[in-house]
Amino acid sequence: MKSVSANGGMTAGRDALSERFSGRLSVDPSITRKTVSYQGNRDTPGFRWMKYKEAFSRSLVEDMLDIHKPARMLDPFSGMGTAVLTAAGRGVESTGNEIMPVGVLTGRSIADAANGLATDDFMTAGSALLDHIRSRGRVPSEYGFAHVRITRKAFSPQTEHDLAKAREFLAKMEDGVIKRLLNFACMSVLEQISYTRKDGQFLRWDRRSGRSLRSKMCKGEIPSLTCALSYRLQEMANDIPAVKRTFGGRPPRFMTGSSLDLLRNLPDDSVDLVITSPPYANHYDYTRTYALELAWMGFGQDAFSSLRQQMLTATVENHTKIESLRLSYANAPGCFDQAMAAYERQQALQEVLGVLRSHIRELGTPHVIRLLEGYFMEMAVIVAELSRIIRNRGHVVMVNDNVQYHGEDVPVDFILADIAEYLGFRCVDIWKLAKGKGNASQQMARFGRREIRKCVYRWRRI
Ligand SMILES: C[S@@+](CC[C@H](N)C(=O)[O-])C[C@H]1O[C@@H](n2cnc3c(N)ncnc32)[C@H](O)[C@@H]1O
């Protein structure tokens with residue numbers, strides 16, 4: 001009997017994938033919600049300095065390093081650097097590519113602290129920064145926090161003034177490690193001292209901001225910049241010995257930019273292990289979540305839009321990158337052509353897209369179709385490049401979530417496994433968490449409660 005999806009569409013393509021990969025699906029009790037999320041990093045010296053909520057935890061990376069014992073590892077979506085810093089601390093030559101400057105600054109700051117930082121000099125400069133913020137006097141308007149639309153009203157007038165003072169101090173410092181660490185320390189407390197809270201897809205606003213009349217959120221007491229910053233600087237100073245022990249030795253190489261460009265420059269067979277977690281195909285917009293931090297780093301309105309477009313497609317606002325990718329591969333189209341073939345022949349994906357197209361008028365936004373096309377096409381390019389870069393019998397370990405749109409299950413784990421197998425890998429394991437995620441409440445009301453798999457996959461280069 002043919003099975004049908006929640007929308008009465010075909011599921012034959014997905015059923016076939018399920019039959020092929022179900023045997024490789026298992027629950028590994030050591031992989032939990034804590035290990036695949038930032039929760040596991042909360043108490044780790046260094047990683048606890050910045051709440052990069054999309055991170056996975058160090059323990060997951062350690063387990064994979066214990067199993068695979070790589071000499072060279074890569075994370076093409078390195079975020080705050082959990083994987084590369086953990087590997088570097090064990091003497092592994094490690095490279096992280098990351099497009100969000102917030103993640104790169106965090107990772108570099110931890111690496112700086114781990115490798116040769118003079119703690120006394122750092123603390124002396126930190127005290128001078130705090131004294132300057134507390135000092136009386138006007139601050140030239142050029143140092144004012146350069147807001148973009150979505151950050152306006154994020155701070156009280158006093159905090160705005162204090163941030164301008166901090167910027168004035170930093171602008172006059174000589175470039176170098178200590179300036180970078182102080183800049184990072186200021187960035188790391190912005191959420192705490194603001195009227196905002198990072199919450200799922202958007203920034204939520206405290207009603208005191210005056211920004212949203214409907215907001216009922218109240219963060220409670222909001223610390224001043226000097227209070228939050230002195231706490232952070234002290235925490236950093238206390239953590240530095242442990243950070244040196246854990247992550248010191250061989251600093252990772254951090255590259256800022258899109259892996260859709262950067263991977264092309266890495267040599268063939270140059271990596272033993274990839275540990276990574278790409279963005280999920282779930283609408284999540286990093287540029288919104290990290291709006292305050294990006295504005296602190298000097299991103300204006302246009303730079304925000306441009307960064308959003310360069311990120312791996314995961315939101316309905318992303319436009320297709322296919323033509324620009326085709327152009328950039330014009331001289332050596334090998335990986336691009338293979339990726340396109342892997343993408344186009346993927347039947348389960350084409351099946352989901354077909355069902356969604358036939359219900360296009362009922363979709364909240366028709367652009368979810370473009371989102372899914374872009375996501376898998378770009379991931380196919382990433383997988384094709386990894387297949388070239390990883391040595392024979394090397395591995396990819398990837399954390400990712402399945403998704404559901406308009407009641408249609410999108411088995412990201414199986415679709416990527418099929419794409420990976422076409423491109424030269426063998427999917428060895430798909431470890432799923434004992435408990436998946438619930439579907440979104442609107443989806444639940446309409447299509448019933450469904451559990452969505454959250455998995456860690458392991459593919460071997462063959
Ligand atoms: C799930 S997070 C990874 C977090 C990381 N594992 C950690 O522990 O911090 C995905 C990351 O991919 C980054 N990203 C999105 N598009 C990218 C691209 N085209 N190239 C490189 N990084 C990208 C995002 O900024 C985000 O930091």
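Numbers for residues simply follow the sequence, beginning at 1. Order of appearance sets the numbers: ligands from 1, and atoms from 1 within every ligand. Only heavy atoms go into these numbers, but all of them, side chains included; no hydrogens, no water, no symmetry mates.
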Would you call the rings of F299 and F304 parallel, tilted or perpendicular, where under 30° means parallel and over 60° means perpendicular? perpendicular
Return the set of residues passing ring pair (Phe, Tyr, Trp, His ring centres under 6.0 Å) with [X] (not counting sequence neighbours), or none when no residue passes.
{"X": "Y284", "result": "Y286"}
{"X": "F254", "result": "none"}
{"X": "Y52", "result": "Y290"}

R42 charged N/C atom sitting above F47 aromatic ring, 6.0 Å / 45°: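 Cation-pi check for R42 and F47: fails.
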Are R453 and F414 in a cation-pi setup, meaning NZ or CZ lies under 6.0 angstrom from the ring centre and within 45 degrees of the ring axis?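 Judged by the rule, R453 and F414 form a cation-pi pair.
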Close residues (non-hydrogen atom under 4.0 angstrom from ligand 1) work out to Y52, E54, A55, F56, P76, F77, S78, G79, M80, T82, E98, I99, M100, G257, S258, S259, S277, P278, P279, Y286, Q310, M311, L312
